[in-house]
Amino acid sequence: MTGTQDIGIYIHIPFCVRKCRYCDFASWSGMESIWEPYIRAVVRELELKSETAAGRRVMSLFIGGGTPSLLPYAFILSIMDAVRRHYRLLPDAEITIEANPGTLDEDKVKAYLDAGINRLSIGLQAYQDRLLKFLGRVHTARQFDEAVSMAQRHGFSNINADIIFGIPHQTMDDWLETLSRVLSHRIPHVSCYSLTIEEDTPFGRMKREGKWQDPDEELERSMYHTAMEMLGEAGLEQYELSNAAKPHHRCRHNMNYWQRGEYLGFGAAAHSFHNCQRSANTSDIRLYMEGMARGNPVLDECYPVPDEEGLSESMILGLRLTEGVDLDELSTVYHTDVRLKYREKLEKLAERKLVELEGSVVRLTKRGMDLANQVFVEFI
């Protein structure tokens, strides 16, 4: 999977107002003094890596975090300028920035649009202020409404909202209100995630100390099914385990990940997959900046991905998509009979009604979506 295909670019902004209690991403608060040198380092990395992408076109750019919208917009414009200077952005490239409702204002939204950013991903998570406070969010439900209206007023039509279910003390009525409020804005993309408890987070510590109340499993599954039904009725088709979109609004950046396309990552902790090799920048911001100042990136990891591992990834990532995986196509890519290789596993999963086979395509059933991890583990 090398050579000529289009690539994605991910740029990591590791700064936030306050870290959410469930977040284990590389992000920190209270680091305003290094915003400027950090952005300089990212711009330098964009320059240094440009030869890596020589001859390749960029079909998606995703500025994530952290909270990119926390930064003064001049920093974002510097990044956009460096990308355009050193890379071949397709005219219709999807260019996304993540935003926290409490950090957006008119000037930022206008500057993003003027810079060519055409997709906004807004983290709502829940429409109840008591749940937002429990999660450690720094915005109110009303600020989400204001942020979406402001973005639409300035001309953003491609907007995503992130929402979370399975939060302790979250009722079905809470979830229905969250879904209804999101749908009332007629945005074309919604991501629904089950709250995951990561070990090195405040919620993870609460769980270890026995202070955590797991939500009802049956209620959690009901919330998931209800979400996908409501989104479907509103014209947003589920295309991945956690994502639904109106026609032509699937997230191209994430589709590239799930289809195992190539991408380059910039910034502390950013990952790249390029020329059958995976690498990850150091997550230590100061080490990252020092490396960039020397013109010598500091990596946490860098290794080639053999075909055996690539095939495993293609199965697991591809099965996340509702369209499933074409086994014949994978056989061509990996020069092996994938149907034969996985025949016993697929037959057992089909017997358990976790997957279904249609011609050369295998996909998760509705039950399989509920128990996806039990499917994925078979291909590790």
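Below, all heavy atoms of this structure are taken into account, side chains as well, without hydrogens, waters or symmetry copies. Index from 1, following the sequence.
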Apply salt bridge (Lys or Arg N to Asp or Glu O under 4.0 Å) to [X] and list each qualifying residue two or more places apart in sequence or on a separate chain.
X	value
Lys348	none
Glu36	Arg40
Glu309	none
Lys49	Glu45

Check: residues 372-380 side-chain donor-acceptor pairs under 3.5 Å, at least two apart:
unit_1: Gln374; atom_1: OE1; unit_2: Arg352; atom_2: NH2; d: 2.5

Subject >> Members besides Leu90 in its Ile/Leu/Val/Met/Phe/Trp/Tyr cluster (side-chain heavy atoms under 4.5 Å) >> reply: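 Joined to Leu90, directly or through intermediates: Met59.
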Original post:
Which ILVMFWY residues can you reach from Phe203 by hopping between side chains whose heavy atoms are under 4.5 Å apart?
Top reply: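 So far as hydrophobic clustering goes, Phe203 is joined with Tyr22, Leu131, Phe134, Leu135, Ile164, Ile167, Leu195, Ile197, Met206, Trp212.
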Original post:
What pairs with His189 under side chain to side chain donor-acceptor pair (under 3.5 Å), at least two apart in sequence or on another chain?
Top reply: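 Testing His189 for side chain to side chain donor-acceptor pair (under 3.5 Å), a comparison that skips the adjacent residues, returns Asn160, Tyr239.
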**OP:** Among residues two or more places apart or on two chains, list those pairs meeting side chain to side chain donor-acceptor pair (under 3.5 Å) that have a residue in residues 355-364.
**Re:**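 Matches after skipping sequence neighbours: Asp326-Ser360, Glu358-Arg363.
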Subject >> Pairs flagged by side chain to side chain donor-acceptor pair (under 3.5 Å) wherever residues 163-174 is involved - sequence neighbours left out >> reply: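 Checked against side chain to side chain donor-acceptor pair (under 3.5 Å) - neighbours excluded - the pairs reaching residues 163-174 are Arg130-Asp174, Thr171-Asp174.
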Subject >> Within residues 235-247 or reaching into it, pairs that qualify as salt bridge (Lys or Arg N to Asp or Glu O under 4.0 Å) - sequence neighbours excluded >> reply: Glu240-Arg320
Subject >> Summary of salt bridge (Lys or Arg N to Asp or Glu O under 4.0 Å) pairs that have at least one residue in residues 139-167, sequence neighbours excluded >> reply: Glu106-Arg153, Arg142-Glu146, Asp145-Arg181
